[in-house]
Amino acid sequence: MSNENQDGVHTICPYCGVGCGLKLTEGESDGEVNIKPWFDAPVNEGALCIKGGASTEVVDHEDRLKEPLLKEDGEFREATWEEAMDRIATELERIRDEHGPDAMGFFTSSKCTNEENYLMQKFARRYGTNNVDNCTRLCHASTVAALRASLGAGAMTNSMQDLREEADVYWIQGANPAEQHVIAHSNYFKQAAMEDTYVVQIDPHANKTTRHTDTHLQLKPGTDIPLLNVVLKTILDEDLVDEEYLESRTEGVESLRETLSDFDVEAAAETCGVDVEEIREMARIYAEADNAAIFTGMGMSQHRCGTDNVQNLINLALATGNVGRPGTGVNPLRGQNNVQGTCDVGAMPNVLPGYVPVDDDEARAEVEDVWGFEVDPEPGLTNVEITQSIGDAVHGLYVMGENPVISEPNSNHVREQLEKLEFMVVQDIFMTDTAEYADVVLPATSWAERGGTVTNTDRRVQRMRKATEVPGNTRGDLEIVSDLGTRLFGEGFDFDGPEDVFEELRETAPIYRGLTYDRIGLEGVHWPCYEEGDEGDPFLYEDSFDTDNGLGKIRGVRHQPPAEVEDSEYPFVLTTGRLEEHYNTGTMSTRSPTLVRKTPTNFVDINPEDAERLGIEDGEEIQLRSRRGEIEIEARVTDDIRPGILWSTDHFPEAPINELTNDALDPVAKIPEYKAAAAQISVDVEPATGDD
Ligand SMILES: Nc1nc2c(c(=O)[nH]1)N[C@H]1C(S)=C(S)[C@@H](COP(=O)(O)OP(=O)(O)OC[C@H]3O[C@@H](n4cnc5c(=O)[nH]c(N)nc54)[C@H](O)[C@@H]3O)O[C@H]1N2
Ligand SMILES: Nc1nc2c(c(=O)[nH]1)N[C@H]1C(S)=C(S)[C@@H](COP(=O)(O)OP(=O)(O)OC[C@H]3O[C@@H](n4cnc5c(=O)[nH]c(N)nc54)[C@H](O)[C@@H]3O)O[C@H]1N2
Ligand code: SF4
Ligand SMILES: [Mo]
């Protein structure tokens with residue numbers, strides 16, 4: 001073991017987008033790693049949440065995939081890498097010959113590094129398709145669409161540091177940072193809230209964020225537009241806008257005035273189920289603050305009107321001049337450890353690395369120059385569209401580190417779709433419900449066993465470093481894609497490790513151009529970083545926006561009820577969210593003994609009034625149903641949720657909530673409506689006993 005290993009290898013937590021640093025040392029047995037605090041880590045100064053602290057429990061877990069698997073006659077058998085890669089190369093060539101390149105879909109992974117995702121999207125493009133996407137589609141796609149259209153970049157406008165130091169008001173709508181971005185909350189936002197930052201939370205469910213909230217508006221799911229329209233109308237009527245800012249930095253305020261000209265605030269507040277005066281009071285608090293910052297999350301993005309939801313937050317920020325200074329802005333806390341980076345490096349159907357639009361001939365040509373091949377100028381399909389097109393336009397699927405059978409909406413339908421595939425590859429660290437459908441399963445190395453860069457929620461690019469040897473016969477994601485690319489295309493995929501890939505990424509992505517591994521060092525660097533020596537911007541848009549004319553775009557939006565609303569047959573609105581001690585589809589967190597202790601399985605929150613009416617006891621197993629499926633689940637009777645609403649999580653494959661959720665999509669961003677479906681519940685009547 002080297003000295004560095006004894007002191008610990010500096011790396012980044014594999015769970016969420018906060019990007020906490022930690023150190024790893026090798027343990028007693030093969031592949032075992034232990035955590036040591038990294039006290040000077042730039043984001044977290046040594047602190048870790050329960051997931052970060054337990055993150056090594058999955059590294060040498062006995063369930064790790066260790067050998068490639070091939071399916072034969074419906075059963076998996078172990079295979080050599082040679083056999084597995086050969087099979088993939090042959091099938092990918094066959095599909096392209098028989099159906100054309102757009103018959104393949106590629107899902108890349110926000111659990112993987114920038115280099116791995118860069119190479120995977122390059123692979124898809126070299127194969128001839130833009131059908132490449134990642135979990136951001138299920139996550140912040142709508143946020144990114146609205147931010148890009150109206151401000152310029154699909155990322156947080158500000159940094160955790162300036163939000164902590166400068167904001168006087170936090171407006172947290174549809175996000176739960178105390179549980180989903182734990183260290184960002186504990187080290188930054190909670191500190192501010194405990195001092196004098198006023199916190200407004202807008203969420204149908206009470207949670208740990210509520211503990212440090214001054215006012216909680218507990219609206220009905222899917223009514224964020226009317227609520228914000230009450231806020232905006234108040235601001236316009238009471239002249240709380242920033243006229244000078246509106247004049248010099250924005251356009252479109254007339255569209256907002258027009259949308260709200262005949263707007264009925266009383267009726268809107270009733271739609272939301274929130275007291276109108278309380279909303280108006282919050283409008284004043286936000287508008288009168290010196291610096292007010294907005295946080296937005298899945299409660300806003302995961303609706304069929306997700307893009308308009310976020311646009312309305314942008315409207316609020318722009319109308320009051322709250323973008324372009326420390327302590328302000330519109331801030332989506334990004335989800336996975338590298339979802340920001342996965343988007344930055346072009347793993348999306350409409351953009352190349354650095355958000356270069358595929359259909360912009362001039363910009364595309366620059367990337368093509370670096371790559372030495374032509375890229376299809378037509379944007380491809382998103383991941384949900386890929387799944388929905390199987391059997392039609394799509395016949396093959398390559399999934400690197402995603403679990404769509406559990407994470408996509410209406411998952412019984414997802415299963416039916418996957419059955420129709422001619423060929424499917426899954427590359428993961430564990431056997432997942434999705435991998436069961438694959439023809440080839442490739443065992444990938446985990447976060448502790450390889451290096452590369454990841455980009456956190458405030459755009460800080462940081463380095464992960466290898467801390468231990470790879471277990472069994474696993475191979476790194478980079479190595480796998482590199483090998484496959486070389487087999488299929490000869491050149492363009494042979495790299496000498498992650499740094500070599502990063503050097504090519506820099507050439508193609510202008511926002512990363514000024515970064516090198518050396519500069520990133522231990523501190524990391526925020527993008528945009530166009531030139532070496534460029535410090536990167538902790539907050540964006542000081543002087544102008546990255547739009548066609550430099551102005552921020554205001555656009556009035558109207559209420560669009562969820563695609564499915566409650567009725568006499570399905571009288572509840574089911575919405576979903578997350579738990580502090582679990583993570584996404586549970587592949588990692590449900591295998592971590594520390595994390596399963598508190599909440600071993602799924603549950604649904606129901607208000608005491610509803611429970612009493614239906615005769616449901618706390619802890620009782622009930623049937624939860626929507627038009628798409630039915631699951632058995634434990635009821636938790638709690639005031640955390642308002643009457644008429646049910647709240648559950650997608651963390652547990654054994655009680656898969658996505659069998660019930662709706663796959664209605666936002667027309668712009670194609671994000672599914674995870675946060676509102678009509679549902680019903682019932683309790684099994686004991687079967688009658690006796691002879692009659
Ligand atoms: N512990 C933990 N941390 C995580 C994750 C995890 O699984 N576990 N996942 C990571 C990922 S991928 C992501 S994207 C982020 C997500 O982080 P968040 O955006 O915080 O995610 P959610 O908990 O899904 O949703 C946020 C809130 O939206 C509320 N909500 C539901 N419906 C509505 C609505 O109609 N309107 C409003 N205003 N609110 C609504 C929910 O009650 C919930 O409190 O977290 C990341 N961090
Ligand atoms: N109902 C409902 N559904 C939701 C949501 C919701 O709020 N409500 N949220 C949505 C959101 S925001 C998201 S981001 C998605 C998440 O959806 P997914 O991305 O499908 O879910 P994850 O569980 O994060 O899957 C990541 C996979 O990567 C694997 N993995 C980990 N490390 C590596 C690695 O180094 N290499 C490889 N190859 N694989 C690795 C893990 O084992 C896991 O199987 O779920 C969405 N689904
Ligand atoms: S806050 Fe996120 S990055 Fe930090 S330790 Fe927890 S899961 Fe890991
Ligand atoms: Mo996410």
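Note: hydrogens, waters and symmetry copies are ignored here, and every other heavy atom, side chains too, is used. Atoms within a ligand are numbered from 1 in the order they appear, just like the ligands themselves.
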request  = Could you tell me whether atom 4 (Fe) of ligand 3 has an N, O or S atom of C20 under 2.8 Å away?
outcome  = yes

Sub-3.5 Å N/O-N/O distance, [X] and ligand 2:
X: N403; value: yes
X: N658; value: yes
X: T585; value: yes
X: D428; value: yes
X: G401; value: yes

Protein heavy atom at shortest distance from [atom]:
atom: atom 47 (N) of ligand 2; answer: S407 O, 2.9 Å
atom: atom 4 (C) of ligand 2; answer: D650 OD2, 3.1 Å
atom: atom 16 (C) of ligand 2; answer: N584 ND2, 3.4 Å
atom: atom 2 (C) of ligand 2; answer: Y674 CD2, 3.3 Å
atom: atom 14 (S) of ligand 2; answer: C135 SG, 3.6 Å
atom: atom 15 (C) of ligand 2; answer: L138 CD1, 3.9 Å
atom: atom 32 (N) of ligand 2; answer: K111 CB, 3.7 Å
atom: atom 5 (S) of ligand 3; answer: C49 N, 3.4 Å
atom: atom 8 (N) of ligand 2; answer: T576 OG1, 3.0 Å

Heavy-atom contacts with [X] under 4.0 Å: which atoms of ligand 2 show up? List them by number with element.
X: T445; value: 34 (C), 35 (O)
X: Q336; value: 19 (O), 24 (O)
X: Q427; value: 37 (C), 38 (N), 39 (N)
X: D477; value: 34 (C), 35 (O), 36 (N), 37 (C), 38 (N)
X: T432; value: 44 (O)
X: T587; value: 23 (O), 42 (O), 43 (C), 44 (O)
X: M298; value: 12 (S)
X: M588; value: 31 (C)

State whether a side-chain donor-acceptor pair under 3.5 Å links [X] with [Y].
X: D224; Y: Q173; answer: yes
X: T108; Y: Q121; answer: no
X: N338; Y: K111; answer: no
X: E479; Y: S482; answer: no
X: S110; Y: Q336; answer: no
X: E634; Y: T601; answer: no
X: Y583; Y: R578; answer: no
X: E408; Y: T387; answer: yes

Check each of [options] against [X] using the side chain to side chain contact (heavy atoms under 4.5 Å, CB included) test, and report the only one that passes.
X: D605; options: L646, I641, T575; value: I641
X: T445; options: T468, I480, T474; value: T474
X: M424; options: L418, I390, V440; value: L418

As an exercise, identify every atom of ligand 3 less than 4.0 angstrom from a heavy atom of [X].
X: G19; value: 3 (S)
X: I183; value: 1 (S), 4 (Fe)
X: Y15; value: 7 (S)
X: G52; value: 5 (S)

Under a 3.5 Å distance rule, please check whether [X] uses its side chain to pair with a backbone N or O of [Y] as donor and acceptor.
X: N117; Y: C112; result: yes
X: S589; Y: H582; result: no
X: D663; Y: P409; result: no
X: N658; Y: S407; result: yes

remark   = In this structure, OG1 of T434 is separated from CG of N403 (nearest 0.5 Å) by 3.5 Å

message = Under 2.8 Å from atom 2 (Fe) of ligand 3, can any N, O or S atom of C16 be found?
response = yes

inquiry  = Please classify the S110 to ligand 2 contact at 4.0 Å (heavy-atom distances, strictly less than): side chain, backbone, both or neither.
reply    = neither

More than 12 heavy atoms of other groups within 6.0 Å of K66 NZ = yes

request  = Check each of E673, H140, R578, R137 against atom 11 (C) of ligand 2 and report the one with the nearest heavy atom.
outcome  = R578

inquiry  = For atom 34 (C) of ligand 2, tell me which residue out of R450, E116, M400 has the closest non-hydrogen atom.
reply    = R450

ask   = Do you see an N/O/S atom of C13, backbone or side chain, under 2.8 Å from atom 8 (Fe) of ligand 3?
value = yes

key: Within 45° cone and under 6.0 Å: R591 NZ/CZ vs F430 ring   = yes

task = Test E402 against N134 for side-chain contact (heavy atoms from CB on, under 4.5 Å), laying out the working first.
result = CA-CA 8 Å; E402 283 203 11; N134 72 88; 4.0 Å; yes

key: C112 touching ligand 2 at heavy-atom level, < 4.0 angstrom   = yes

